[in-house]
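Written below as structure tokens is the structure these notes are about.
When reading the values below, keep in mind they use all heavy atoms of this one structure, side chains included, and skip hydrogens, waters and symmetry mates. Residue numbers begin at 1 in each chain, while the letters A, B, ... track the order of the sequences.
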Protein chains: 2
Amino acid sequence: MQVSRGMGEGALDDGRRAAVLSLVERTRRGGRASDQVFEQLLEAIRGLRLLPGQPLSETELARDLGVSRTPVREAIARLTDAGLVDVVPQVGTTVAKIRLAEVEEARFVRESLEIAAIKVAMPLAAADVAGLRRLIEDQRHALDAGDLDGLFELDEALHGRIFALSGHPGVWATVRRTKVHLDRMRRLVLPDRALISEVIAEHASIVDALESGDAIGGEDLVRAHARRVSALTPELTRRFPDHFA
Amino acid sequence: MQVSRGMGEGALDDGRRAAVLSLVERTRRGGRASDQVFEQLLEAIRGLRLLPGQPLSETELARDLGVSRTPVREAIARLTDAGLVDVVPQVGTTVAKIRLAEVEEARFVRESLEIAAIKVAMPLAAADVAGLRRLIEDQRHALDAGDLDGLFELDEALHGRIFALSGHPGVWATVRRTKVHLDRMRRLVLPDRALISEVIAEHASIVDALESGDAIGGEDLVRAHARRVSALTPELTRRFPDHFA
DNA sequence: CGCGGGATACTTGTATGCAAGTATCCCGCG
DNA sequence: CGCGGGATACTTGCATACAAGTATCCCGCG
């Protein structure tokens, strides 16, 4: 029943799909099953453990996760709103392919909001420059250790803290929502150590600009940083054609 | 079973609540019941036909709308994600009160993105200045006719078209999502004719700036326009204390 | 051998029934 | 009259059964 895909890495056959999702200890950890299914699927899609275009059967998901279809359906409804899942009634549900239009849109949103945030944060950033530098150090360590997941989260943490410094911590949630499509592309380039090293260097430059109060330089740096992934679009669409719509 | 609320206007007793929502001709118009319930509730909340803090019973909604609880639940799950509904398990569901933190966040997002958009749209806007001016004329007519709903939609249309001109039409969807909280405050001030007249005048000024290519002026105008509602916050919280968290 | 049609096995959408939990109301008691 | 406790009626969460529709596969026919 699996659609044929060109790529091998990460593609799981039916029998092993349960491995990518697990709702063990559901009762112990409390909370609604619906929410946990949502979180599981969201992270699996963001982390490319569920690949773009991969079919998702409600029945199968429910069976693998040990719940009924009801909470699965509610989670899928929310993921559909987020643009991460495509549902065709009476036909099937698939993980949404990466749509370049949405990626570009997310780039615009992220770039605009982060520039606006850094302008506001500029005079206040000195207070936490130490914390920001520590995050960058952690990123270097994660890169050396090959901890891709950790790198990803540390990247998130850095940008999130910049929004917090700007006095608009809630805006980060909005950025996160729109950024999901960008994230999947970032995942694709994550194994490129040289590139990631450059990205971390850019982080350091941004923090330098924050510390020295260089507003113009900071804006340019953030802009370049946000557009880095866009520059890689041609290569990525060539290497992973099946991932894109 | 209704929670006691201080306000009288717009508050409906159980028997008449069916009036604010209707799913008539559901089968004829096609589409999923879940989606239609979502749309109905979204518009009812945005339009303050369902008031902040008002309890929503899944069973009651299902009965009034002529569907089962299942599609109602899926719609509510999506609305919860949007921050428009608060669900407390085993206790009840309510229309979310207006949270000033989210309003301020939405203001920041809207202002930042609209400034970024107008900068990009500046050189391209001349092409559709006529269309923009027509929208403003329609707004004046709607104000004269007292058509509040129409005014609201025309306002949306104007800002949406600016995003379209910027080459990032999809960003408008993001703005719309975060803007919902702002919208409810806008609804509260909508009956103020003098104020609305000023708002329309600001629209005209923005279009003027677009036509003349006045980037700096355009940015300042958009900023002032976005912050107009914020200035009214104290008065609104005083006049409608029950609407705010 | 190629093609068309029908049974079949899947998909999602909806309705309903049951379970668990909480707030309320009322009655009895002090 | 005030207060406490228990039955009750509500709430949402989840599981299951049924309905409607579509793609596929296979068999029969030309």
Nearest-Å distance, [atom1] ([X]) to [atom2] ([N])?
{"X": "Leu61(A)", "N": "dT11(C)", "atom1": "CG", "atom2": "P", "value": "10 Å"}
{"X": "Glu60(A)", "N": "dA9(C)", "atom1": "CD", "atom2": "P", "value": "18 Å"}
{"X": "Glu74(B)", "N": "dG13(D)", "atom1": "CD", "atom2": "C1'", "value": "14 Å"}
{"X": "Arg63(A)", "N": "dT11(C)", "atom1": "CZ", "atom2": "P", "value": "10 Å"}
{"X": "Arg69(A)", "N": "dC18(D)", "atom1": "CZ", "atom2": "C1'", "value": "11 Å"}
{"X": "Asp35(A)", "N": "dT12(D)", "atom1": "CG", "atom2": "C1'", "value": "13 Å"}
{"X": "Glu58(B)", "N": "dC10(D)", "atom1": "CD", "atom2": "P", "value": "15 Å"}
{"X": "Ile76(B)", "N": "dT11(D)", "atom1": "CD1", "atom2": "P", "value": "12 Å"}

### Task
For Leu236(B) and Phe244(B), work out which heavy atoms get closest and say how close.
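Leu236(B) and Phe244(B) have their closest heavy atoms at O-CE1, 3.6 Å.
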
### Message
Pairing donors with acceptors under 3.5 angstrom, does anything connect the side chains of His243(A) and Arg184(A)?
### Response
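No, Arg184(A) and His243(A) have no side-chain donor paired with an acceptor closer than 3.5 Å.
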
Side chain of [X] only, heavy atoms from C-beta on: which candidate in [options] is closest?
{"X": "Thr70(B)", "options": "dT16(C), dT16(D), dG13(D)", "answer": "dT16(C)"}
{"X": "Ser57(A)", "options": "dA15(D), dG13(C), dT11(C)", "answer": "dT11(C)"}
{"X": "Gln90(A)", "options": "dC14(D), dT22(D), dT12(D)", "answer": "dT22(D)"}
{"X": "Pro89(A)", "options": "dG13(C), dT12(D), dC14(D)", "answer": "dG13(C)"}

### DNA chain D: 5'-proximal contact among Val91(A) and Ser68(A) (nearest heavy atom)
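Its nearest nucleotide being more 5', the pick is Ser68(A).
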
Pairing partner (Watson-Crick or G-U wobble, both distances under 3.5 angstrom) of [N]:
{"N": "dT12(D)", "result": "dA19(C)"}
{"N": "dG13(C)", "result": "dC18(D)"}
{"N": "dG4(C)", "result": "dC27(D)"}

#### Entry: Test item: Thr178(B) and Val171(A) side chains (from C-beta on) under 4.5 Å apart, heavy atoms
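Heavy-atom side-chain distance check fails, nothing below 4.5 Å.
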
### Any side-chain heavy-atom pair of Arg186(B) and Asp183(B) under 4.5 Å
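Sidechains of Asp183(B) and Arg186(B): in contact.
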
### Message
Using the side-chain contact (heavy atoms from CB on, under 4.5 Å) definition, which of the options Leu42(A), Leu41(A), Val95(A) pairs with Leu84(A)?
### Response
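For Leu84(A), the side-chain contact (heavy atoms from CB on, under 4.5 Å) check succeeds only for Leu42(A).
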
### Task
Taking only the side-chain nitrogens and oxygens of Ser34(A), find out if one of them lies under 4.0 Å from OP1 or OP2 of dG13(D).
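Answer is no, no contact under 4.0 Å.
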
### Query
Within the structure, does a side-chain N or O atom of Arg73(A) lie under 4.0 Å from either OP1 or OP2 of dG13(C)?
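The answer is yes; a side-chain N or O of Arg73(A) sits under 4.0 Å from OP1 or OP2.
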
